[in-house]
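To start, the structure under review is shown below, and the notes come after it.
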Number of protein chains: 2
Amino acid sequence: MIKQNKLFLYEKQAEIAKAIAQPYRIAIVDFLKDGEQCVCDIAEHIGAGRSNVSRHLSVMVSAGILEYRKDGLKVIYSLKTPCILGFFECITNCLKEQAKENQKLFKAI
Amino acid sequence: MIKQNKLFLYEKQAEIAKAIAQPYRIAIVDFLKDGEQCVCDIAEHIGAGRSNVSRHLSVMVSAGILEYRKDGLKVIYSLKTPCILGFFECITNCLKEQAKENQKLFKAI
DNA sequence: CAATTATGTGACTACATACTCACATAGTAT
DNA sequence: ATACTATGTGAGTATGTAGTCACATAATTG
C-alpha cells in the first residue's frame, strides 16, 4: 500500500497537471513563454472571452504556475515556474510516439 | 490569433495532461514505472476499488499512455510511452520551487 | 466630478468526471 | 457443467469544471 506522504505528493502533482490540462490554459502558457502579458492581450491572442480568461489565469495562479503584477489598469501575468515548459516537451514527445500511428497529429507537431 | 493546427496540438496536449491529472492515475503510472501489473494488483497497491481502477486504466489507454496484454484471466497493463515519466520530473521541479514556501510539501518531495 | 477602460466575480447553465453498486463476460479449475 | 476469479460496463449519484452574462471594482483620462 502507498504511504501517506506519497499520496500527498500525488495529489499535489495532480493539482498542477489539472491546472494545465485545458487547451486554453496550454495556449496561455505557450503565449507567456515569450514574456509577460496582460489579460486583455491574452484574451485576444487565444480568442476567448476576458472573464473566462481571467478565471483560467486565477486557476493557474492558485496552482503556482503563474504570477502577476499590477501596472495601472492592467494586470500582467507571467510564468512563475518556467520549468513548467519542460512539461510540454514531455507531452510532445509522447505525442510524437503516437503520431507514428496518426497522420493528422503528425502534421500538427 | 492562434493558428488552427496549433489549436489542434493544444487540444491533444490537454488530452494527455487530463489523462494523468488525477491522484490515482499518477499513482498507477508511478507503480507501472517498475514494470507491468494486472488490474487486481494495481487496485490493491493504490487502495481503490477494482471497477474504479479499471475505468482509470481505460482512460489512460485511450489517451495513449498505457497499453495492455491479456494473460489468462488477467489483463496486464504497462506504460506505452515511458517518456511520460519525464512529466513527473517536470512537475516535481515545479513543486520543489513551490516547496521553498511550503514546509509540508518540502517533506513530501 | 463623469466617462472610460481593464479586470474580477456572483449566479447560472451545460457538461464532464470520479465513484459505487450490481451485474455481465470471459477464462480457469474441479 | 458448476463454481470461481479477474475484469469490464450500464446506471445512477455527487461533485467539479468551462463558459456566459451582468454587474462590481478600481485605475485612468478628460
### Query
Starting at the 5' end of DNA chain C and moving along, which residue's nearest nucleotide shows up first, A/Leu73 or A/Asn52?
A/Leu73

#### Entry: Closest to side chain of A/Lys18, choosing from D/dG8, D/dT17, C/dG8
D/dT17

### Task
Kindly indicate whether the side chain of B/Arg55 and the base of C/dT20 share any N or O donor-acceptor pair separated by less than 3.5 Å?
yes

### Query
Any chance the side chains of B/Thr81 and A/Gln98 put a donor and an acceptor closer than 3.5 Å?
no

## Note on the structure
Under a 4.0 Å heavy-atom cutoff, the residues of residues 21-44 of chain B touching DNA chain C are B/Gln22, B/Tyr24, B/Arg25

### Message
So B/Tyr68, base contact, sugar-phosphate only, or nothing? Heavy-atom distance under 4.0 Å.
### Response
nothing

### Query
OP1, OP2 of D/dA6 versus side-chain N and O of B/Tyr77: anything below 4.0 Å?
no

### Query
To the nearest angstrom, how far is B/Arg69 atom CZ from D/dA6 atom C1'?
15 Å

### Task
Measure the distance from CD1 on B/Ile76 to C1' on C/dA26 and round it to the nearest whole Å.
16 Å

### Query
Is there a donor on the side chain of B/Arg50 or the base of C/dT20 sitting less than 3.5 Å from an acceptor on the other?
no

### Query
A/Lys70 has an atom NZ; how far is it from atom C1' of C/dT7, in whole Å?
8 Å

### Task
Quick one: pull up CG in A/Leu85 and SG in A/Cys90 and give me the separation to the nearest 0.5 Å.
11.0 Å

### Task
Could you state the atom-to-atom distance from CG of B/Leu57 to P of D/dA6 in whole Å?
16 Å

### Query
How close or far is atom P of D/dT7 from atom CG of B/Asp71, stated in whole angstroms?
10 Å

#### Entry: pair B/Ser78-B/Leu32: side-chain heavy atoms closer than 4.5 Å
no

### Query
Would a 4.5 Å heavy-atom cut-off, applied to side chains only, mark A/Glu67 and A/Val61 as touching?
no

### Query
Does A/His56 put a side-chain nitrogen or oxygen below 4.0 Å from OP1 or OP2 of D/dT17?
no

### Query
Rounded to the nearest 0.5 Å, what separation is found between the CD atom of B/Gln37 and the OH atom of B/Tyr77?
13.5 Å

### Query
Would you say A/Arg25's side chain and A/Met60's backbone share a donor-acceptor pair under 3.5 angstrom?
no

### Task
Establish whether A/Ile20 and A/Tyr68 are linked, either directly or via other cluster members, by ILVMFWY side-chain heavy-atom contacts under 4.5 Å.
yes

